[in-house]
Amino acid sequence: MPELPEVETFRKYLDGTALDQKIVDVNLKPKSEKLARPSWAELKKKLLHQKLESSARIGKYLFIRLSDDGYLVVHFAMTGYFSYYKDAEDEPKYAKIILHFDNGFHLSYNSKRKFGWLDLAESIETFQKEKDLGQDALEIGFEDFYQGLKNKKSPLKPRLMDQNLVAGIGNWVADEMLYQAEIHPSSNCNKLSEEDFRHLYNTMQKILKTSVELDADYDRFPEHFLVNRREKGGTCYYTGEPLEVLEVGGRTSYVSKSRQKMFQ
DNA sequence: TCCTATGTTGTCAT
DNA sequence: AATGACAACATAGG
């Protein structure tokens with residue numbers, strides 16, 4: 001579900017389908033008002049008669065440039081995704097907000113739950129500042145990554161998932177990074193050396209790039225990736241041992257105990 | 001029936 | 001100021 005690689009895949013999907021066509025109507029499904037910000041009336045008014053011109057992404061947030069001015073901002077939360085289709089009968093079951101284009105196609109924002117949302121923003125910079133959103137995990141340099149984490153008095157995993165520090169890492173990417181980098185999620189940030197952080201940073205880049213290249217399609221992920229093993233009965237690719245399931249920072253974490261070193 | 005879920009946000013406590 | 005625990009949001013699926 002939508003973390004950085006998934007949202008980047010949605011962004012590419014949007015770029016390949018829905019850009020440069022005039023929005024002739026916008027529909028809201030019943031009981032979906034909460035997904036529209038700042039309000040359904042304002043969102044609809046802003047989108048009508050405009051085109052989606054281009055897209056950008058910071059972390060799990062997608063920014064879509066509108067032809068007049070400003071941005072449509074989309075957050076997919078846990079179950080959101082886009083569909084671009086022509087026939088009304090192809091409308092997804094969980095469609096919540098639907099943009100209708102003058103070429104007869106439709107772009108729907110779908111979600112099983114009412115968690116994600118569509119919002120408006122004047123500029124990406126304003127939005128990023130208001131939300132205190134950190135640098136995108138694929139953009140941040142090692143030095144900022146290191147400086148942001150090295151002095152934290154906290155278990156590492158919750159800090160990796162803190163969007164104000166580095167944006168885009170959710171539960172599965174955090175587990176994946178820590179697994180491949182051989183670091184226990186409960187390790188204290190301030191006990192890792194610079195080289196440990198460098199290793200973690202390089203691992204993060206590799207995992208994110210690979211995931212994005214594979215369009216976040218887990219079925220195509222390398223066999224050693226943890227994400228497909230994060231389930232009951234899952235075993236470590238490297239050691240064959242059963243993965244431990246524990247809670248770190250309130251989130252379920254899968255750990256290969258003998259592989260991942262605890263820094264404390 | 002009960003529990004969990006890969007996200008965010010707000011409150012309250014330390 | 002930082003950090004953590006917890007609830008709320010909402011719903012499908014095991």
Decide yes or no, distance alone: a donor-acceptor N/O pair under 3.5 angstrom between the base of B/dA5 and the side-chain of A/Arg113. yes
Report yes if a side-chain nitrogen or oxygen of A/His75 is closer than 4.0 Å to either non-bridging phosphate oxygen (OP1 or OP2) of B/dT8; otherwise report no. yes
With distance as the sole criterion, is a donor-acceptor pair present between the side chains of A/Lys157 and A/Asn171 under 3.5 Å? yes
Expressed in angstrom and rounded to an integer, what is the separation of A/Glu231 atom CD from C/dG14 atom P? 13 Å
Salt-bridge present (A/Asp175, A/Arg229; N to O < 4.0 Å): no
Quick check, does A/Phe115 stack with C/dC9? I mean ring centres under 5.5 Å and planes off by under 30°. yes
Tell me yes or no: between the side chains of A/Arg259 and A/Thr239, is some donor less than 3.5 Å from an acceptor? no
Return the nearest nucleotide to the side chain of A/Tyr61; candidates are B/dT9, B/dT6, C/dA10. B/dT9
Between A/Lys153 and C/dA1, does any side-chain N or O lie under 4.0 Å from OP1 or OP2? no
Report yes if at least one side-chain N or O of A/Ser154 is closer than 4.0 Å to OP1 or OP2 of C/dG4; otherwise report no. yes
What's A/Gly250 touching, base or sugar-phosphate or nothing? Going by heavy atoms closer than 4.0 Å. nothing
Using the P atom in both, what is the distance from C/dC6 to B/dC3, to the nearest Å? 16 Å
Base, sugar-phosphate alone, or nothing: which one does A/Pro5 contact when heavy atoms must sit under 4.0 Å apart? nothing
Categorize A/Lys93 for me: base, sugar-phosphate, or nothing, with a 4.0 angstrom heavy-atom threshold over every strand shown. nothing
Upstream residue (5' side of DNA chain C) when A/Asp162 and A/Glu247 are each assigned their closest nucleotide: A/Asp162
Listed nucleotide nearest any side-chain atom of A/Met78, set B/dA5, C/dG4, C/dC9: B/dA5
Which is true for A/Tyr254 with a 4.0 Å heavy-atom rule: it touches a base, it touches only sugar-phosphate, or it touches nothing? nothing
Compute whether any side-chain donor of one residue and acceptor of the other, for A/Trp172 and A/Tyr218, lie under 3.5 angstrom apart. yes
Taking atom P of B/dG10 as reference, at what distance in whole Å does atom CG of A/Asn164 sit? 12 Å
Nearest to the side chain of A/Glu6 - B/dT6, C/dA10, C/dT3? B/dT6
Could you tell me whether A/Glu194 atom CD has more than 12 heavy atoms of other residues or ligands within 6.0 Å of it? yes
Per atom distances to the A/Arg251 side chain, the nearest of B/dG7, C/dC9, C/dA12 is B/dG7
Any A/Thr252 side-chain nitrogen or oxygen under 4.0 Å from OP1 or OP2 of B/dA5: yes
If you measure only the distance, is there a donor-acceptor pair under 3.5 Å linking the side chains of A/Glu241 and A/Ser258? yes
Check each of A/His199, A/Gln205, A/Lys206 against A/Thr203 using the side chain to side chain contact (heavy atoms under 4.5 Å, CB included) test, and report the only one that passes. A/His199
Whole-Å gap separating P (B/dT9) and CZ (A/Arg37): 7 Å
Which nucleotide in B/dT6, B/dA5, C/dG4 has an atom nearest any side-chain atom of A/Arg230: B/dT6
B/dT6 P sits how many Å from A/Phe10 CZ, rounded? 16 Å
Check the phosphate of C/dT11 against A/Lys114, side-chain N and O only, distance under 4.0 Å to OP1 or OP2. Yes or no? yes
Taking NZ from A/Lys60 and C1' from B/dT9, how many angstroms apart are they, rounded to a whole number? 13 Å
Given atom CD1 of A/Ile207 and atom C1' of B/dT6, what is their separation to the nearest angstrom? 15 Å
To the nearest angstrom, the NZ-C1' distance between A/Lys157 and C/dG4 comes to 15 Å
Go ahead and name the base partner of C/dA12; Watson-Crick or wobble counts if both distances stay under 3.5 Å, otherwise write none. B/dT4
To the side chain of A/Lys112, which of C/dG4, C/dA12, B/dG7 is closest? C/dA12
I need the CZ-P distance between A/Phe76 and C/dC9, as an integer number of Å. 24 Å
